[in-house]
2 protein chains.
Amino acid sequence: MRMGERVEWALHCCFNLGFVGPDVAVTAARLAAFHGLPAAYLNKQLQAMARAGIVESSQGPGGGFRLARSPQQITLMDVVTAIEGPDPAFRCTEIRERGPAGMWGTSQRACTIDAAMRQADLAWRRSLAGQTVADLMATFQNTYPAMPDRIKDWFTTAHA
Amino acid sequence: MRMGERVEWALHCCFNLGFVGPDVAVTAARLAAFHGLPAAYLNKQLQAMARAGIVESSQGPGGGFRLARSPQQITLMDVVTAIEGPDPAFRCTEIRERGPAGMWGTSQRACTIDAAMRQADLAWRRSLAGQTVADLMATFQNTYPAMPDRIKDWFTTAHA
DNA sequence: GTCAATTTACTCGGATAGAGTGTGTCCGAGTGGCGAAGG
DNA sequence: CCTTCGCCACTCGGACACACTCTATCCGAGTAAATTGAC
């Protein structure tokens, strides 16, 4: 099982957009340059977050992306769902139905194995839903007090 | 993010091998027939579990696979790790180092985002480690009391 | 009848092709700002 | 000098190739059981 790098990118973008604040829009190219990523592909992930209502997009000169709501109202679960989709990692394909046991009437109840895996998935989702972008920003600011302003400056001032 | 079907297959195999008991070995072909799966590919997963010490393999006539230890001592985490590998789903690629922020000395501490994702991964792993194959067997037997014997019979008797 | 070497058939085990998803890239649609022209 | 119209550059947005992992398969190595022959 492997989670795509896209999620990492999206989280870092939300993180930095949180420090920049909702007043200015940051282009995908600028965010890509800050992280050393391919701009066009990162743009795709930002679009996905825009569809999910996490960020707002504006076109034209001076356009770009900004957080659609407060960092306190954006959980890691929101971001992961926006990028990776809502489906759980484990998907029961009901192989118990394909063999001879399929005739034995064991499909009245939910698959025992599926239930167990769903429970683990739920624990994972709860942990993600319990952490907001604001929490990450606070932890980071606590470790590096001067960094938030530095980040905001980099994004709000012009660059070659 | 998507978990392979292999995990589902492996779990069902452990589940059924638990009911069969450690006295008789079940071939990969028999397990595949019971679930309607490709035998050679399922064999590959059983091999992976053998390498992990979850099942024991024996060659020759009368050979096959059996649980290497009690179902109570096999957790879902063991099976998932054996099939999917020990790496966590989320892997931090340290993109913070690739941009201009890489020069700002933020790599002294662990990546904030990585830490948050690791925490969620840990919750997932704890849930998996807290459930054993024996637990699943007990739940299933509680729902369908007659099934375990029926399963054992199917695997221990000859078939066309 | 007993033992042992041999054969045999059956099993796992790793090396080898094909499909699906994630990764990366491109060009077109839309939009806000800027400048020139007219009143 | 102010207003208005048109142009333009910049942005997002979706459609198009490439790579990698998962899926599936094959044939060879190894082994335990059955067979056969001698003692």
Side-chain angles (χ1 to χ4, degrees), chain A residues 1-10 13 17 24-33 35-66 68 80 82-85 87 89-91 93 95 98 155 158-159, chain B residues 1-10 13 17 24-33 35-66 68 80 82-85 87 89-91 93 95 98 155 158-159:
Chain A
M1 189 176 60
R2 187 171 181 174
M3 176 173 288
E5 300 182 21
R6 304 177 291 177
V7 175
E8 183 184 4
W9 303 356
C13 286
L17 286 176
V24 292
V26 181
T27 67
R30 182 64 66 90
L31 283 165
H35 297 106
L37 301 174
Y41 191 35
L42 178 61
N43 188 24
K44 204 171 172 54
Q45 316 315 322
L46 291 166
Q47 289 173 31
M49 286 198 287
R51 278 191 291 269
I54 297 173
V55 299
E56 282 179 344
S57 65
S58 53
Q59 285 187 339
F65 295 91
R66 68 193 77 194
V80 170
I83 302 297
E84 294 278 338
D87 294 334
F90 181 87
R91 253 161 292 183
T93 59
I95 63 175
R98 291 152 67 174
F155 278 108
H159 284 277
Chain B
M1 190 176 61
R2 187 171 180 174
M3 176 173 288
E5 300 181 23
R6 303 177 292 175
V7 174
E8 183 184 4
W9 302 357
C13 286
L17 286 176
V24 291
V26 181
T27 68
R30 182 63 66 91
L31 283 165
H35 296 106
L37 302 174
Y41 190 36
L42 178 62
N43 187 23
K44 202 171 172 55
Q45 317 315 323
L46 291 166
Q47 288 173 32
M49 286 198 287
R51 278 191 291 270
I54 296 172
V55 300
E56 282 179 345
S57 65
S58 54
Q59 286 188 337
F65 295 91
R66 70 192 77 193
V80 171
I83 301 298
E84 294 278 338
D87 294 335
F90 181 87
R91 254 162 290 183
T93 59
I95 62 175
R98 291 152 68 174
F155 278 108
H159 283 277

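Quantities reported herein were computed from a predicted structural model and do not represent experimental measurements. So that the names make sense, note that chain A is the first sequence line, chain B the second, and so on, each numbered from 1. What's counted below: heavy atoms across the whole structure, side chains too, no hydrogens, waters or symmetry copies.
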Rounded to whole Å, the CD-P distance (B:Gln45 to C:dG14) equals 13 Å
B:Ile95 atom CD1 is separated from C:dG24 atom P, nearest whole Å, by 12 Å
Here the gap from A:Phe65 atom CZ to A:Leu17 atom CG, rounded to the nearest 0.5 Å, amounts to 9.0 Å
What pairs of donor and acceptor atoms, side-chain ones from residues 40-55 of chain B against any protein atom, are under 3.5 angstrom apart with sequence neighbours left out?
from	atom 1	to	atom 2	distance (Å)
B:Gln45	NE2	B:Tyr41	O	3.2

OP1 or OP2 of D:dG14 less than 4.0 angstrom from a side-chain nitrogen or oxygen of A:Arg51, does that happen here? yes
Pairs under 3.5 angstrom, nitrogen or oxygen only, protein versus nucleotides 28-33 of chain C, please.
none

For A:Ala25, report the nucleic acid contact type (base, sugar-phosphate, nothing); a contact means any heavy atom under 4.0 Å.
nothing
To the nearest angstrom, the CZ-P distance between B:Arg66 and C:dC12 comes to 11 Å
One should read off an interatomic distance between B:Trp9 CH2 and B:Ile83 CD1, to the nearest 0.5 angstrom, of 10.5 Å
- Tell me what B:Ala29 touches on the nucleic acid: a base, only sugar-phosphate, or nothing, going by heavy atoms under 4.0 Å. nothing
Residue pairs meeting ring pair (Phe, Tyr, Trp, His ring centres under 6.0 Å), one or both in residues 42-62 of chain B, sequence neighbours left out, come to none
List the atom pairs, donor and acceptor, that lie under 3.5 Å between side-chain atoms in residues 56-64 of chain A and the rest of the protein, sequence neighbours left out.
from	atom 1	to	atom 2	distance (Å)
A:Ser58	OG	A:Gly64	N	3.4
A:Ser58	OG	A:Gly64	O	3.4

Here the distance between atom C1' of D:dT21 and atom CG of B:Asp87, to the nearest Å, is 14 Å
(Q) With side chain to side chain donor-acceptor pair (under 3.5 Å) as the criterion, how do B:Glu5 and A:Thr93 come out once you've worked through the C-alpha distance, each side chain's angles and the decisive distance to 0.1 Å? (A) CA-CA 8 Å; B:Glu5 300 181 23; A:Thr93 59; 4.6 Å; no
B:Gln47 atom CD is separated from C:dG14 atom P, nearest whole Å, by 5 Å
In DNA chain D, consecutive runs of at least three Watson-Crick or G-U pairs below 3.5 Å, as range with range, amount to C:1-39 with D:1-39
Provide a list of protein-nucleic acid N or O atom pairs under 3.5 angstrom, restricted to nucleotides 22-26 of chain D.
from	atom 1	to	atom 2	distance (Å)
D:dT23	OP1	B:Glu5	N	3.0
D:dT23	OP2	B:Arg6	NE	3.1
D:dT23	OP2	B:Tyr41	OH	3.4

When every non-hydrogen atom of B:Arg98 is compared with those of A:His35, the smallest separation belongs to CB-O, 3.5 Å
Count the heavy atoms belonging to other residues, nucleotides or ligands that lie under 6.0 Å from CZ of A:Arg66, then report whether that count exceeds 12. yes
| message | Within the 4.5 Å heavy-atom criterion, are B:Arg2 and A:Arg91 side-chain neighbours or not? | response | yes
Taken to the nearest whole Å, CG/A:Leu31 to P/D:dT11 is 12 Å
Indicate whether OP1 or OP2 belonging to D:dG13 is found under 4.0 Å from a side-chain N or O atom of A:Ser57. yes
Residues B:Ala32 and B:Ala39: closest non-hydrogen pair is CB-CA, 3.5 Å
Taken to the nearest whole Å, CG/A:Asn43 to P/C:dT25 is 13 Å
From CG of A:Leu46 across to C1' of D:dT11 the rounded distance in Å is 12 Å
